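Here the structure is laid out as C-alpha cells; the discussion comes afterwards.
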There are 2 protein chains.
Amino acid sequence: MTRSEENYIKTIFHLGGSDSVPIATNAIAEQMETKPSSVTDMAKKLAEKGLVHYKKYQGVSLTDIGVKTALSIIRKHRLWEVFLVKKLDFSWDEVHEVAEQLEHIKSEKLIDKIDELLDFPKFDPHGDPIPSKDGKFMIRDKQLLSDVPIHTDGVCVGVKDTSPTFLKFLDKNNIALGNTIRILDKEEFDQSLHIQMDGKELHISHQIASNLYVKLND
Amino acid sequence: MTRSEENYIKTIFHLGGSDSVPIATNAIAEQMETKPSSVTDMAKKLAEKGLVHYKKYQGVSLTDIGVKTALSIIRKHRLWEVFLVKKLDFSWDEVHEVAEQLEHIKSEKLIDKIDELLDFPKFDPHGDPIPSKDGKFMIRDKQLLSDVPIHTDGVCVGVKDTSPTFLKFLDKNNIALGNTIRILDKEEFDQSLHIQMDGKELHISHQIASNLYVKLND
DNA sequence: AATTAAATTTAGACAAAACTAAAAATTTGT
DNA sequence: ACAAATTTTTAGTTTTGTCTAAATTTAATT
Ligand SMILES: [Mn+2]
Ligand SMILES: [Mn+2]
Ligand SMILES: [Mn+2]
Ligand SMILES: [Mn+2]
C-alpha cells in the first residue's frame with residue numbers, strides 16, 4: 001500500500017467508521033484538502049484492490065479488509081503518539097504531525113515492540129482508543145461536558161477538537177485528561193459553565209465545554 | 001527534500017565521503033539498483049538545488065550543503081538503529097531495513113529526543129560512527145582483522161559487511177562487538193586464523209577476518 | 001591516430017498522484 | 001414534473017521519478 005492509499009483509507013474510516021455507510025466524494029475531498037476528481041480516481045483504484053466498495057455516484061465505503069487496514073494504521077498512529085508523549089516528552093499538541101509520518105512505517109515487529117514498550121496502552125494522549133493487533137478497541141462511554149447535567153461529577157477523558165491551538169489553550173488553563181470535574185453552575189445566557197477542577201474553580205465557555213469529553217462517576 | 005533525493009545524497013556520500021571526489025554515474029546507479037539515466041536526471045535536479053557539483057560526463061560530488069544533508073540523514077539512520085537494538089530488542093541484522101524508512105521522518109525534535117533517550121551514543125550497532133547535530137563524528141582507528149599481525153590483541157569494534165547473512169553468522173559463532181580477540185596463528189595456505197575470543201578458541205576463514213574490524217590494544 | 005569499447009546523456013514513454021475544465025448524473029426547489 | 005443547483009465523473013495536463021533505446025562523449029586498444 002502506498003502512503004496516499006493509506007491516507008485515503010484512514011480518512012474514509014474517520015468519516016464513516018466501520019459501518020458500510022457510503023461516504024460522499026466531496027466529503028473525502030474536503031477532509032483531505034484535495035479535489036473531488038482526485039478522490040474519484042483513488043476510489044477506483046482502492047475498489048480494484050478490494051479495499052472499498054464503490055459504485056459511480058454512490059459514494060465509497062470500506063470493505064472488511066478496508067476496515068482492518070484502517071484500524072491497523074490508526075493503531076500505529078495512536079501508539080506513536082503515546083510513545084512521543086510518554087518516552088520523549090512531547091506535549092499532546094505536537095504529536096499528531098509526527099505521528100502522521102510514523103504511521104506509515106512498514107514493520108509489524110516495530111509497532112508491536114513499541115506497544116510492548118508502552119505496556120499496551122488502551123488510549124492515546126487525546127483519549128482516543130487504540131485498536132489491538134486484531135482490531136478490537138474499547139469504547140468508553142463518555143459525553144461532552146456541555147451535555148452533562150448540572151451538579152454532576154466526572155473525569156476528563158478526551159477531547160473532540162484535537163487542534164494544537166485548543167490543546168495549548170487547555171494546557172494554559174491546567175485542564176488535562178484525568179482531572180476530576182464538578183459542574184457547579186451553568187449560565188443560561190451563554191451556556192458557559194462554572195466548574196471545579198482539582199480544588200480550583202474555573203469559568204469555561206460553551207466552546208470549550210462542547211469539545212471536552214467526560215466520563216461520569218458511577 | 002523528497003525521500004528519493006535524500007537517498008541519492010546518502011548514496012553519493014557513502015561512495016565518496018565528504019571529499020569532493022567526483023562519483024561516477026554508473027557507480028551511483030549500481031549502488032541504488034537503478035539505471036544510469038535516472039541518475040543523470042537526479043544529478044541535474046540536485047545540482048539545481050545546490051546539493052551537488054555536476055558537470056556533464058564528469059561525475060557528481062557533494063557540495064558543503066550536500067555533505068551536511070548527508071550527515072544529517074546518516075545521523076538519523078544510525079540513531080534509529082541504536083534505538084531499535086537498545087530499546088526494542090531488535091538484533092543487529094534486522095535494524096537496517098527499518099532504519100531505511102525511519103531516516104526519512106521529518107522532525108528535528110524527534111531525532112534529538114531519541115538521541116537524548118539513548119544517552120548520545122557515538123557508534124551504531126555495526127560500529128559505525130554517529131554524526132552529532134553539527135555534523136562531527138569520531139573516526140576510530142580500526143583495522144581489518146585480516147590485516148593484523150599475528151600474536152596481537154584487539155577488540156572487535158565493527159563490521160565491513162553489514163548484510164544480515166553475515167551478521168547472523170557472527171551471532172551463531174558468538175562473535176560480537178566489544179569482544180576481545182587474540183590472534184593465535186595464521187594458516188599460510190588459506191589465510192584462515194586461529195583466534196582466542198572470550199576464553200574460547202575459534203578457527204575463522206579469511207572471508208570472515210576481512211570483514212571484521214578490530215581496534216588494537218595500546 | 002584511428003578504431004573499438006565503455007560510460008554517460010538525451011529523447012521519448014510510462015505510472016502514480018495530483019490538478020483544471022467540461023460533461024454527466026443526481027438532488028433540490030418550485 | 002421540470003428547471004436549477006449541486007455533486008460527481010471524465011478527459012486532458014502536470015510533476016516526480018523511473019524506464020528503454022538511441023545518440024554522444026570519453027576511455028582504452030591496437
Ligand atoms: Mn493524531
Ligand atoms: Mn490522537
Ligand atoms: Mn544501516
Ligand atoms: Mn549501521
Side-chain angles (χ1 to χ4, degrees), chain A residues 1-16 20-63 66 69-70 73 100-101 103-106, chain B residues 1-16 20-63 66 69-70 73 100-101 103-106:
Chain A
M1 286 208 79
T2 70
R3 173 170 302 214
S4 185
E5 286 170 351
E6 289 185 348
N7 284 332
Y8 273 96
I9 291 295
K10 197 177 49 149
T11 300
I12 295 165
F13 182 90
H14 279 134
L15 291 173
S20 62
V21 183
I23 310 299
T25 304
N26 270 6
I28 299 168
E30 190 180 6
Q31 180 74 25
M32 298 192 65
E33 299 183 63
T34 183
K35 302 291 168 183
S37 55
S38 305
V39 176
T40 302
D41 286 346
M42 186 56 84
K44 288 175 183 170
K45 200 207 295 192
L46 293 175
E48 196 67 41
K49 293 197 176 192
L51 292 160
V52 303
H53 301 292
Y54 171 63
K55 275 213 195 98
K56 272 192 191 182
Y57 296 100
Q58 302 305 131
V60 181
S61 63
L62 295 176
T63 63
T69 306
I73 302 163
E100 283 291 303
Q101 299 180 60
E103 73 189 4
H104 300 291
I105 299 291
K106 276 155 192 63
Chain B
M1 287 211 77
T2 68
R3 174 170 302 219
S4 187
E5 285 169 352
E6 289 185 347
N7 283 333
Y8 273 97
I9 292 293
K10 198 178 47 147
T11 299
I12 295 165
F13 181 91
H14 278 134
L15 290 173
S20 62
V21 182
I23 309 300
T25 305
N26 269 7
I28 300 168
E30 190 181 5
Q31 182 73 24
M32 299 192 65
E33 298 185 61
T34 182
K35 301 293 166 181
S37 56
S38 305
V39 176
T40 301
D41 286 346
M42 186 55 83
K44 288 174 183 170
K45 203 207 295 190
L46 294 175
E48 196 67 41
K49 293 198 174 188
L51 293 161
V52 303
H53 301 293
Y54 171 63
K55 275 210 196 100
K56 270 193 192 180
Y57 296 100
Q58 303 304 128
V60 182
S61 64
L62 295 177
T63 63
T69 307
I73 301 162
E100 283 291 304
Q101 299 180 61
E103 72 188 6
H104 300 292
I105 299 291
K106 276 154 193 63

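It should be emphasised that the depicted structure is a prediction, and the values quoted were computed from it without experimental measurement. Here is the naming used below: chain letters follow the sequence lines, and residue numbers restart at 1 for every chain.
Partners of A/A24 according to the side-chain contact (heavy atoms from CB on, under 4.5 Å) rule, which considers only residues two or more places apart in sequence or in another chain, are A/A27. By the side-chain contact (heavy atoms from CB on, under 4.5 Å) test, B/T25 is found to be paired with B/P36, B/V39, B/T40, residues two or more places apart in sequence or in another chain being considered. B/Q101 pairs by the side-chain hydrogen bond (donor to acceptor under 3.5 Å, both in side chains) definition with nothing, not counting sequence neighbours.
Sorted by residue number, the members of residues 3-11 of chain B with any non-hydrogen atom under 4.0 Å from DNA chain D read B/S4, B/Y8.
A/M1 contributes atom CE, which lies 6.0 Å from atom CD1 of A/I73 (distance to the nearest 0.5 angstrom).
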Where protein sits on nucleotides 1-9 of chain D, one letter per nucleotide: B base, S sugar-phosphate only, - none, heavy atoms under 4.0 Å
------SBB
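Residue B/I9 comes nearest to B/G66 through the heavy atom pair CG2-O, 3.6 Å, listed as atom of the first residue, atom of the second, then distance.
One finds no side-chain N or O of B/T2 lying less than 4.0 angstrom from the OP1 or OP2 phosphate oxygen of D/dT16. Distances shorter than 4.0 Å separate some side-chain N or O of A/S38 from OP1 or OP2 on C/dC19.
Atom-to-atom, CG of A/D41 to C1' of D/dT14 comes out at 14 Å; the value is rounded to the nearest Å. What separates NZ of B/K35 from P of D/dA22 is a distance of 15 Å, to the nearest Å. Rounded to an integer number of Å, the gap from CE of A/M42 to P of D/dT10 is 16 Å.
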Distance-only criterion, 3.5 Å: show the donor-acceptor pairs between side-chain atoms of residues 53-61 of chain B and protein atoms not counting sequence neighbours.
none

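Applying the salt bridge (Lys or Arg N to Asp or Glu O under 4.0 Å) test to residues at least two apart or on different chains, none of the pairs has a partner in residues 25-42 of chain A. The list of side chain to side chain donor-acceptor pair (under 3.5 Å) pairs with a residue in residues 6-16 of chain A, not counting sequence neighbours, reads A/E6-A/H104, A/E6-A/K106, A/N7-A/H104, A/K10-A/E100, A/K10-A/E103.
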